[in-house]
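Proteins get letters first, then strands, A, B, ... in listed order; numbering begins at 1 in each.
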There are 2 protein chains.
Amino acid sequence: MTPRFSPVPAEPLTPVPVMPPRERILAAASDLFYRQGIRAVGVDAIAETAGTNKMTLYRHFESKDVLVAEYLRRLAGKSEVFWAHIQREHPDSPRKQLGSWLEAAGRDANDPQGRGCALANAAVELAEKDHPARRVIEEHKRASRDRLAKLCADAGLKQPEMLADELFLLLEGARVCAQSIGADSPCCRFVRMGEAIIASHEK
Amino acid sequence: MTPRFSPVPAEPLTPVPVMPPRERILAAASDLFYRQGIRAVGVDAIAETAGTNKMTLYRHFESKDVLVAEYLRRLAGKSEVFWAHIQREHPDSPRKQLGSWLEAAGRDANDPQGRGCALANAAVELAEKDHPARRVIEEHKRASRDRLAKLCADAGLKQPEMLADELFLLLEGARVCAQSIGADSPCCRFVRMGEAIIASHEK
DNA sequence: TTGATTTGGTACCGATCGGTAACATATAGG
DNA sequence: CCTATATGTTACCGATCGGTACCAAATCAA
């Protein structure tokens, strides 16, 4: 059944200017890398999901590895935004900031769709210690832990460095635990544990 | 330079009966999977490392996925042996058993060659929720946490269930943190943190 | 010694991997 | 309008992936 008339020019699905290819690729990569794992996702799949092709992908990212690094860098950036947010939320109460952090972390660790921390997962998947992503991962993790330590100190809690380490590892553990044990796992009690640990550092 | 004489028959490198192929394959897979990651290692590499070939590998394991599952099952078995060990070490002092656990966990989390918990890493790498390895992982993690809870209860500590969750997540966190942050990371202080948390549950 | 079972070796399968060449098309700026 | 730049399309590269067919050599039990 061949068309007898020239087809009506199809209107673009989104009349507003669509995201530029680079952003679409990054968005597609974010989704696929996080949900399926970095090594499990090929560049073809990313290009297709982004509604483009492999050539355009390689015009914007010189290799899959630097795409991975950029994917993680963006996530680290969102984390910065989050820290700024809780600071703006309670400008003069480090204690409440810590509460916000704990609550958000708990939400994050208990997200049924979640697959833990993308940065930590990447560190597990990318064993090569010279992978371009590793710098991003280490810097982000170190910065997160240090921010937390500053918060604990500002909140006037006892042994703030140790408290920060405890809370940091508790969260890292909860996020990886959510992937190994499914439902009804220790990470369901994350917030309560965090509160108990904080309480044990009260003066 | 062609050989002028027929070569002396090479003696086997190990005169004693060598490990059977199945064990060699499992040993090779353990080493490679743990150090490089499961998805990063192909069956060819495993067979070659095991000093055999792909055909023999597939005669003993119907697929790479069941080889992975068996690799993890063995590790879970070694964990059972460890629990039996610390129980035999201090038969009538749950408190000392907990001390042994903490010390061993600390050694494990701070091993510079280590790459964290192989079971947890596998959970991160194998996102497919119907992968044969996932049952092994979940059962092992759940059993570990429950053993720890029993130990905390027997040791007569306050809120043993919560304490077990805290220590469990602390260890999970330390092992994943060792991979993301390199040296000088919170997991260096793992044992001290564990002791502090235990102390906060003292009656 | 015979016969059955277990290995090793090699070549191969289709699929996919990361990455590129070449060319056509669209878009935008002057 | 012309030109430069960004994007789309297609086909391809060599390498590797997980998995198998086939046969020879070794091993072992009877």
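Two residues, A:Gly42 and B:Pro21, neighbour DNA chain C, and the one matched to the more 5' nucleotide by heavy-atom proximity is B:Pro21.
Between the C1' atom of D:dT9 and the CD atom of A:Glu48 lies a distance of 14 Å, rounded to the nearest Å. Distance A:Ile25 CD1 to D:dG8 P: 8 Å, rounded to the nearest Å. The distance from atom CG of A:Asn53 to atom C1' of C:dG19 is 13 Å, rounded to the nearest whole Å. With rounding to whole Å, B:Arg39 atom CZ is found 14 Å from C:dT16 atom P. Taking atom CD1 of residue B:Ile38 and atom C1' of nucleotide D:dG18, one finds them 15 Å apart after rounding to whole Å.
In this structure the side chain of B:Asp165 never reaches within 4.5 angstrom of the side chain of A:Phe190, judged on heavy atoms. Under the 4.5 Å side-chain criterion, counting only non-hydrogen atoms from C-beta, A:Tyr34 is not in contact with A:Val41.
A salt bridge links A:Glu138 with A:Arg142: the closest approach of a Lys/Arg side-chain nitrogen to an acidic carboxylate oxygen falls below 4.0 angstrom.
Judged by distance alone, with hydrogens and angles left aside, the side-chain atoms of B:Arg134 form a donor-acceptor pair with the main-chain N or O of B:Leu126 at under 3.5 Å.
With a 6.0 Å radius and a threshold of 12 heavy atoms from other residues, nucleotides or ligands, B:Glu48 has its CD atom at or below the threshold.
Regarding contacts with the backbone of D:dT7, every side-chain N or O of A:Arg24 stays at 4.0 angstrom or more from both OP1 and OP2.
Pairs passing the ring pair (Phe, Tyr, Trp, His ring centres under 6.0 Å) check and including a residue from residues 107-137 of chain B, sequence neighbours excluded, do not occur.
A heavy atom lying under 4.0 Å from DNA chain C marks the following residues of residues 54-67 of chain B, by number: B:Met55, B:Thr56, B:Arg59, B:His60.
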